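See below for the structure under consideration.
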Amino acid sequence: MRIIKFEDLDALSEYGALLIAETVNDNNKCTLGLATGSSPIGIYEKLTKLYKEGKVDFSGVNTFNLDEYVGLKENDPQSYRFFMDHHLFDSININKKNTFIPDGSADDLESVCSEYEKLIEEHGGIDLQLLGIGHNGHIGFNEPGTEFSKKTKVVELSSSTRQANKRFFSSIDDVPTYAITMGVETIMKAKKIVMVAYGADKASIIHDAFFKEVTPLIPASILQLHPDFTLLADKEALNNI
Ligand code: GLP
C-alpha cells in the first residue's frame, strides 16, 4: 500500500489524472474501472484538459463503472450513467459503446450482474480501478459486513449511505434503496487500484481503513492486501499525519 499526501484537491486530481493518462498511453486499448461521487470529479476535469491538449487518446479505451442505482433509467440525472456522461464521456473521444455501467433499470438484475462479470473478463480484466470511499468505509456500494469474496451483485443500501447521497436528490424518499455494485472480489482483481479521498470528514474512516486491521466491517480495509494499491489523499483526509 502506498499513501501519497497532497496539499490540496487540485494537486491530488492532477496527479490522479496523470496516473490514468499514463495507463492509457502505455496501452491505448486498456480497461479502466471508474467511480462516481464527488471525489473523482477533479480527476475527470483534469483528464478532459489533458485530452483537449492532445496528451491522451481515449478512442480505444474501455471503461467499467463500479456501480449504479437500481430503478433509475440511464437518462435520469441522478443515474451514474448520466454522471459519467456529464463529467467525462461527453467531453473526451471515448466510444460510448466501450463504456459499461450496470443497467439498474433492467428487469433481470441477476443476469445484468453475471453478464457484467463476464464482460470485464472478456475485456482482459481491469488495468486500473479508481475508487472513492464512503464515510462508513464502503467501496462501490459494498457496505460494512459485506463478504470479501463477492462478485457483482445487487445490494441494499445502508441508511447512512442513503443519507450521505441524498444531497444529490430532492428528498431522502427519492434515494434508491438498492444498487448494483462490483463485488469486493471484482475490485480486488484489478491490476492497479487508486483511491481518492479528500476533506476532514474522511479522516476518521481513512484512519480506520488503512491504519488498523483488515475487517469486513470496513470494506475498504481489504485494499491493504492488494499488491498495487495507492491512496491519494489531501492533508485533511490524512488528519495532517
Ligand atoms: C457513493 C459511491 C461510491 C463513492 C461514495 C463516496 O456511495 N457509490 O463509489 O466512493 O459515494 O462519495 P464521495 O466521493 O462523494 O464522498
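For this chain, numbers begin at 1 and follow the sequence in order. For clarity, every value in this text was computed on a predicted model and none was experimentally measured. Order of listing sets the numbers, starting from 1, for every ligand and every atom in it.
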Heavy atom of H135, distance to ligand 1 below 4.0 Å: no
Y80 neighbourhood, listing ligand 1 atoms whose heavy-atom distance to it stays under 4.0 Å: 1 (C), 2 (C), 8 (N)
Evaluation steps, salt bridge (Lys or Arg N to Asp or Glu O under 4.0 Å), between K46 and D10: CA-CA 9 Å; K46 302 277 185 192; D10 193 67; 2.8 Å; yes
Ligand 1 versus R167: contacting region, heavy-atom distance under 4.0 Å: side chain
Nearest non-hydrogen protein atom, atom 7 (O) of ligand 1: H138 NE2, 2.9 Å
Shared hydrophobic cluster, F6 / I20 (ILVMFWY, side-chain heavy atoms < 4.5 Å): yes
Identity and distance of the protein heavy atom lying nearest atom 15 (O) of ligand 1: S38 OG, 2.6 Å
Close-contact set for ligand 1 against G132 heavy atoms, below 4.0 Å: 10 (O)
Ring centroid separation F210 to F229 under 6.0 Å: yes
For atom 16 (O) of ligand 1, closest protein heavy-atom neighbour: K202 NZ, 2.6 Å
From A35, G199, S39 - option closest to atom 14 (O) of ligand 1 by heavy atom: S39
Numbered atoms and elements of ligand 1 in range of G37, under 4.0 angstrom, heavy atoms: 12 (O), 14 (O), 15 (O)
Nearest-0.5 Å distance, NZ of residue K5 to CD of residue E236: 10.0 Å
Aromatic ring proximity, centroids under 6.0 angstrom, Y80 and Y69: yes
Within-cut-off N or O pair, D67 and ligand 1, under 3.5 Å: yes
Audit row: K150, E147, salt bridge (Lys or Arg N to Asp or Glu O under 4.0 Å) steps and yes/no: CA-CA 6 Å; K150 281 278 163 75; E147 277 174 66; 3.2 Å; yes
I133 and ligand 1 - part of the residue with a heavy-atom distance under 4.0 Å: backbone
Backbone or side-chain N or O of T161 under 3.5 Å from ligand 1 N or O: no
Donor + acceptor pair across side chains of D108, S111 (<3.5 Å): yes
N/O separation below 3.5 Å, G140 to ligand 1: yes
For atom 4 (C) of ligand 1, closest protein heavy-atom neighbour: T36 O, 4.1 Å
Side chains of K212 and S221 in contact at under 4.5 Å (non-hydrogen atoms): no
Distance-only side-chain donor-acceptor flag, N28 / D57, under 3.5 Å: no
